[in-house]
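The structure under discussion appears below in the form of structure tokens.
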Amino acid sequence: MPGKHSVLKNVFGYEHFRRGQEDIIDSILSGRDILAVMPTGAGKSLCYQIPALLLDGITIIVSPLISLMKDQVQALQDNNVAAAFINSSLSADEYTQTMRGARNKAYKIIYIAPERLSQSAFADFPDWLATSPISLVVIDEAHCVSHWGHDFRPSYMRVTPFIDALPKRPVVAAFTATATERVKTDIQNALALQNPFLITTGFDRPNLYFSVEKPENKMRSLKKHLARLKNKSGIIYCSTRRHVEDVCDTLADSGFSATRYHAGLTPDERRLNQDDFIYDRKTIMVATNAFGMGINKSNVSFVIHHNMPKNIESYYQEAGRAGRDGSGAECILFYNYEDVKTNEFLIEKSAEENGGTGLTAYNLELLKQITFYATSTDCLRGRLLSYFGETPSNYCGACSNCDAQFENVDITLAAQKIISCVYRLKQRGKRFGKTIIIQILRGSKNAKIMNANLNDLSVWGIMKDSSEHEIRDIIDFLVSKEYLALSEGEFPALIESGKSGEIIFDKKPLEMMLPKKEPAGASKTSGKIDPVQDGELLLRLKTLRTELAASARTPAYIIFSDASLNAMCRRLPQTQAEFLEIPGVGAVKAEKYCASFTRVIREYMTEA
Ligand code: ADP
Ligand code: ZN
């Protein structure tokens, strides 16, 4: 019997296991249940596909998304592994055929949607489960069994009864990218895991560059980034359907190759748009968080969050869809305070709709955590990793905060001026939101200010040399440190807090970290990954890949990932033995593709 190393090399074309993979495979092969927490892109699939090929019986994989199943099955078939899927995308005929194949033990690996797990779904083939030797049941995206996760799915409740109904209990292996203790405990209980091997691999994704920006105009910043990231594939996440429409329309009008995805579109349009993105016909996907789970596209080079998500878990999962093949990729979060307010509103609304589930306080706390992330001046990667329970170093060198030069600035005077303004207004029995306060301090003469006679306040115009942005940053800082407070309600006003007196009466000195001012004329490029132009050879290899993918009707990355093509450009393989050395090239792919790829490489080299 071949070992796990030879399967890794011969079937999947990889030399080494990644962190955690080998332990997980060993545990499954020894017959022990597992619960593995691994971030998106860490390589979960191989953890169960390799044991599936080594175990005697059949492996069933429960997976929530149709597109993922199709993708994984195509990828396996491309490596000559007998695999199939059962979900609602099959026609009646296809379903019957697949079930017949399953009964005849034609497949080693079968993906099943959770909705299909109830007994009645298999009623036409009653003997199948009773006679099939099922060695392993894998539950992908296992957090879907938990109410505490961010994506509870009732159909996941069918998994355990399904396993219990099998003649012999298989090994049960649960995978998720969600790490909170509550979710982990829920998964263990709901799936009745038996003495599971618990493993949480590191959450770090070293090839991802993290940045947070506070753009004055999100659309303008977005376009700037997209121009820089030209021809690269990426996802732009927006919080609502309306935002998705707006952003997508604006981008399309400006000539970007953008498509969209949200729950309000017809299933046909969703499928079409998703395929346009996956098959590289469109490079930019603008979407709500309805898009992405189960999307296997490995060459996503950037994920931009146009709106801040509700919690760090969702953020990390969505951002983590970038750079799955290990190539450098960017994760950019656009932050503004309005997004915090919108999220608060949504959390409270959903609590009302669900009759107060008791989750509100918990969800608001999670929102606070991501707000800290977005406003922090610490290493962003450090922030993320410590959220997931790791103890990272405080400098990663690959995030916008590590790259930015922050300096400690004395803001004592500015704080006194801002808080005085709030006091003066209070003396007149008035209170205003941030925008008006800033206008007063900067000496604005707009109608609102003049009509309310705010220009005769002693504080009017006392900060006319500071930019709106600077004052806003300082106000946010004062609120976060509770030297000022925000009133309740839809339009929160800035009000004094118990600590305001420390600043204006006790003259407490105050410092805050602010980005260093750029010397005049210095050009600022954000993002660390240069817009490298693809070389001539890479372009030719991509063209070949596109042709092969079109005739095989698969997405290009199923044939080879960008990482594999890049390796070909570096190593210029000439023979089948050399071709086999390329990561991602196993025996079957070497046989299928060596001739055509090495021909293109040879042609290129003789011309050069
Ligand atoms: P996940 O399901 O954890 O998000 P995948 O299973 O889709 O991640 O794997 C992400 C990518 O990493 C895939 O392109 C896969 O082929 C690749 N990969 C997985 N394991 C290895 C390995 N040991 N060596 C190199 N690449 C790997
Ligand atoms: Zn950092």
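Each residue takes its place number in the sequence, starting with 1. Indexing begins at 1, ligand by ligand and atom by atom, following the structure's order.
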Discussion item. Checking a contact table here: which protein heavy atom is nearest atom 6 (O) of ligand 1, and how many Å away?
Written reply: S45 OG, 2.5 Å
Worksheet item: In the protein, what heavy atom is nearest to atom 11 (C) of ligand 1, and what distance, to one decimal place, separates them?
Response: R324 O, 3.3 Å
Item to complete: Could you check whether the rings of F388 and Y316 sit parallel, tilted or perpendicular, using 30° and 60° as the cut-offs?
Response: tilted
Worksheet item: With under 30° as parallel and over 60° as perpendicular, where do the rings of F291 and F277 fit, or are they tilted in between?
Response: perpendicular
Worksheet, complete the sentence: The atoms of ligand 1 lying under 4.0 Å from a heavy atom of P39, numbered in the order shown, are 3 (O)
Worksheet item: Would you call the rings of F334 and H225 parallel, tilted or perpendicular if under 30° counts as parallel and over 60° as perpendicular?
Response: tilted
Worksheet item: Does any N/O atom on D325 come nearer than 3.5 Å to any N/O atom on ligand 1?
Response: no
Item to complete: Answer yes or no for K232 and F302: cation-pi contact, defined as NZ/CZ to six-membered ring centre under 6.0 Å and angle to ring axis within 45°.
Response: no
Worksheet entry | Nearest protein heavy atom with distance in Å, relative to atom 4 (O) of ligand 1 | G41 N, 2.5 Å
Worksheet item: Which residue owns the protein heavy atom closest to atom 25 (C) of ligand 1, what's the atom, and how far is it?
Response: Y14 CD2, 3.2 Å
Discussion item. Students should be able to answer this: which protein heavy-atom is nearest to atom 23 (N) of ligand 1, and at what distance?
Written reply: H16 O, 2.9 Å
Discussion item. Check for me whether P583 has a heavy atom closer than 4.0 Å to any atom of ligand 1.
Written reply: no
Worksheet item: With a cut-off of 6.0 Å (strictly less than), are more than 12 heavy atoms of other residues, nucleotides or ligands near CD of E591?
Response: no
Worksheet item: K297 pairs by salt bridge (charged side-chain N to carboxylate O under 4.0 Å, His left out) with which of D71, D280, D275?
Response: D280
Item to complete: Please say whether G43 places an N or O atom under 3.5 Å from an N or O atom belonging to ligand 1.
Response: yes
Item to complete: Pick one of side chain, backbone, both or neither for how Q21 approaches ligand 1, counting any non-hydrogen atom pair under 4.0 Å.
Response: side chain
